**Q** 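I'd like to ask some things about the structure below.
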Amino acid sequence: CRQRIGTRLYVRGNTMRVLKPILGELSNWISKTRLQSAKLLRTIVFYCEEHLTSEMHSIVPALCKAAAVAGREKEPELVATLREVVTLLGRYMVPDSYVPFLIPRVKGDLEVLPSGTDTKSRAVVLSVLTDMMAGTKAGELVPHATELVELLTAEDLFEYGSETLLAASCTALQVLLSALAGRGQAAVEA
């Protein structure tokens, strides 16, 4: 259930002071610190709701980096908590705020990522996109159906031969298609 308005306003008013340090701690070298930061971020997202939209430019890269660290260190509790955070973000953010931000990162666009990218980081970004789409209301994904299907079925995702990247792409496509199920006319119009 939604928290009381006074509590939400109090948390929103103080969030900007602590958000950047929390995002930095998501990839700390101490695993307990990473987990506690992820739990705190989950609470902040729950209280702030859509008011974090203006901070997506710093939240999403931090979450991608944290997800990569959690996967590399094999921390299932941290991975689960990060997925909850990303799903909550998807619930409160409109796809217009995260789809254009994530697509170049999945493609490995050198203008956005001058140092380049590898298949593992692309798979991590795809998993973040998948969880955000899973949290988003289905009707809000319909206008982005064309660009997301083109992204998830692009040949360059499959030419690397990475099973991780292929699995992440298939999972994202499955989430997108389940969101579009029963919305045939709206999907065609989009």
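Just so you know, residue 1 is the first one in the sequence shown, and it goes up from there. This one's a predicted model, so the numbers in the text were calculated from it and none came from an experiment.
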**Q** Checking side-chain contact (heavy atoms from CB on, under 4.5 Å) between Leu26 and each of Ile59, Leu35, Val85, Leu82, which is the one that passes?
**A**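 Testing each of Ile59, Leu35, Val85, Leu82 against Leu26, the sole residue satisfying side-chain contact (heavy atoms from CB on, under 4.5 Å) is Leu82.
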**Q** Strictly by modelled atom types, are Thr136 and Tyr98 linked by a side-chain donor-acceptor pair under 3.5 Å?
**A**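 Yes, side-chain donor-acceptor contact under 3.5 Å.
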**Q** Are Leu102 and Val124 co-members of a hydrophobic cluster defined by side-chain heavy atoms under 4.5 Å apart?
**A**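 Unlinked, Val124 and Leu102 end up in two clusters.
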**Q** Measuring only between side-chain heavy atoms, which start at C-beta, is Ile44 closer than 4.5 Å to Val18?
**A**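 Yes, at least one pair of side-chain atoms sits under 4.5 Å.
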**Q** Could you check whether any side-chain N or O of Arg34 sits under 3.5 Å from a backbone N or O of Ser27, counting only pairs where one atom can act as donor and the other as acceptor?
**A**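 Side chain of Arg34 to backbone of Ser27, a donor-acceptor pair under 3.5 Å: no, none is there.
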**Q** Counting N and O atoms only, with roles assigned by atom type, does the side chain of Asn28 sit under 3.5 Å from a partner on the main chain of Gly24, one being a donor and the other an acceptor?
**A**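 The answer is no, because no donor-acceptor pair under 3.5 Å joins these two groups.
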**Q** May I have the step-by-step check of side-chain contact (heavy atoms from CB on, under 4.5 Å) for Leu126 and Leu152, ending in yes or no?
**A** CA-CA 9 Å; Leu126 266 174; Leu152 299 173; 3.4 Å; yes
**Q** Taking the side chain as C-beta and beyond, is there a heavy-atom pair between Leu52 and Tyr92 under 4.5 Å?
**A**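 Heavy-atom side-chain distance check fails, nothing below 4.5 Å.
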**Q** Linking I/L/V/M/F/W/Y whenever their side-chain heavy atoms sit closer than 4.5 Å, directly or via other members, would Val45 and Leu9 fall into one cluster?
**A**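 Shared cluster, no.
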**Q** Stepwise, does the side-chain contact (heavy atoms from CB on, under 4.5 Å) test hold for Lys137 with Arg91?
**A** CA-CA 7 Å; Lys137 292 179 183 176; Arg91 169 68 181 95; 3.1 Å; yes
**Q** Considering all heavy atoms of both residues, which atom of Ala179 and which atom of Ala138 are nearest to each other, and what is their separation?
**A**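 Between these two residues, the closest heavy atoms are O-CB, 3.2 Å.
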**Q** Quick check: closest heavy atoms across Thr153 and Val149, and the distance to 0.1 Å?
**A**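 Answer, listing the atom of Thr153 first, then Val149: OG1-O, 2.6 Å.
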**Q** Can you find a heavy atom in the side chain of Met132 that is under 4.5 Å from one in the side chain of Leu89?
**A**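 Side chain of Met132 against side chain of Leu89, heavy atoms only: contact under 4.5 Å found.
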**Q** Could you give the distance from CG (Asp131) to CD (Glu84), rounded to the nearest 0.5 Å?
**A**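 The CD atom of Glu84 is 10.5 Å from CG of Asp131, to the nearest 0.5 Å.
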**Q** Are there over 12 heavy-atom neighbours, none belonging to Gln3, within less than 6.0 Å of that residue's CD?
**A**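 Buried by this count: over 12 neighbours within 6.0 Å.
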**Q** Taking Glu49 first and then Arg2, would you say they form a salt bridge - that is, a charged N and a carboxylate O separated by under 4.0 Å?
**A**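 Result for this pair is yes, salt bridge flagged.
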**Q** Does Lys39 pair with Glu77 as a salt bridge, N-O distance under 4.0 Å?
**A**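 Answer for the salt bridge query: yes.
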**Q** Is any side-chain heavy atom of Val99 closer than 4.5 Å to a side-chain heavy atom of Met133?
**A**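 Contact flag for Val99/Met133 side chains = no.
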**Q** Are Leu63 and Ile22 in one and the same hydrophobic cluster, where Ile, Leu, Val, Met, Phe, Trp and Tyr link if side-chain heavy atoms are under 4.5 Å apart?
**A**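 Linked, Leu63 and Ile22 end up in one cluster.
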**Q** Under 6.0 Å from the ring centre and within 45 degrees of the ring axis: does the NZ or CZ of Arg105 meet both conditions for the six-membered ring of Phe101?
**A**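 The answer is yes, since Arg105 meets both limits relative to Phe101.
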**Q** Taking Thr87 for the side chain and Arg83 for the main chain, is one N or O donor matched with an acceptor at less than 3.5 Å?
**A**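 Here the side-chain-to-backbone pair exists.
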**Q** Got Leu151 and Glu147 here, is their nearest side-chain heavy-atom distance under 4.5 Å?
**A**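 They are not in contact (no side-chain heavy atoms under 4.5 Å apart), so the answer is no.
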**Q** Quick one: OG1 on Thr119 to CD on Glu163, what's the gap to the nearest 0.5 Å?
**A**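 Spacing of OG1 (Thr119) from CD (Glu163) equals 11.0 Å.
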**Q** For the atom pair CG (Leu148) and OG1 (Thr130), what is the distance rounded to the nearest 0.5 Å?
**A**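 Rounded to the nearest 0.5 Å, the CG-OG1 separation comes out at 10.0 Å.
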**Q** Hey, could you give me the OG1/CZ distance between Thr81 and Arg42, rounded to the nearest 0.5 Å?
**A**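 Atom-to-atom, Thr81:OG1 and Arg42:CZ are 5.0 Å apart.
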**Q** Side-chain heavy atoms under 4.5 angstrom apart, residues restricted to Ile, Leu, Val, Met, Phe, Trp, Tyr: same cluster for Val94 and Met56?
**A**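 Unlinked, Val94 and Met56 end up in two clusters.
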**Q** Taking all non-hydrogen atoms of both residues into account, name the closest pair between His51 and Ser54 and its distance.
**A**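 Of all heavy-atom pairs spanning His51 and Ser54, the closest is O-OG, 4.3 Å.
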**Q** Are Val60 and Val86 packed together at the side-chain level, in the sense that at least one heavy-atom pair is separated by less than 4.5 angstrom?
**A**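 Of all side-chain heavy-atom pairs linking Val86 with Val60, none is under 4.5 Å.
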**Q** Using side-chain heavy atoms (C-beta onward) and a distance below 4.5 Å, is Cys48 in contact with Val11?
**A**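 When only atoms from C-beta onward are counted, Val11 and Cys48 do touch, with a gap below 4.5 Å.
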**Q** Show the numbers, then the answer: is there a side-chain contact (heavy atoms from CB on, under 4.5 Å) between Leu41 and Leu19?
**A** CA-CA 8 Å; Leu41 183 61; Leu19 185 61; 3.8 Å; yes
**Q** Which heavy atom of Ala123 sits nearest a heavy atom of Leu165, and at what distance?
**A**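 Scanning both residues, the minimum pair turns out to be N-CD1, 3.7 Å.
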**Q** Roughly how far, to the nearest 0.5 Å, is the OG1 atom of Thr53 from the CG atom of Asp96?
**A**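 Reported value, rounded in 0.5 Å steps: 10.5 Å.
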**Q** For a 4.5 angstrom cut-off between non-hydrogen side-chain atoms, does Leu23 reach Ser58?
**A**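 Yes, side chains in contact.
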**Q** Can you tell me if CZ on Arg12 sees more than 12 non-hydrogen neighbours from other groups inside 6.0 Å?
**A**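 More than 12 within 6.0 Å, yes.
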**Q** Hey, any chance Val125 and Val69 share a hydrophobic cluster, counting ILVMFWY side chains that come within less than 4.5 Å of each other, even indirectly?
**A**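 They do not share one cluster, since no chain of ILVMFWY contacts under 4.5 Å joins Val125 to Val69.
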**Q** With sequence neighbours left out, which residue pairs that include part of residues 50-63 fulfil the salt bridge (charged side-chain N to carboxylate O under 4.0 Å, His left out) condition?
**A**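 Sorted result for residues 50-63: Lys20-Glu55.
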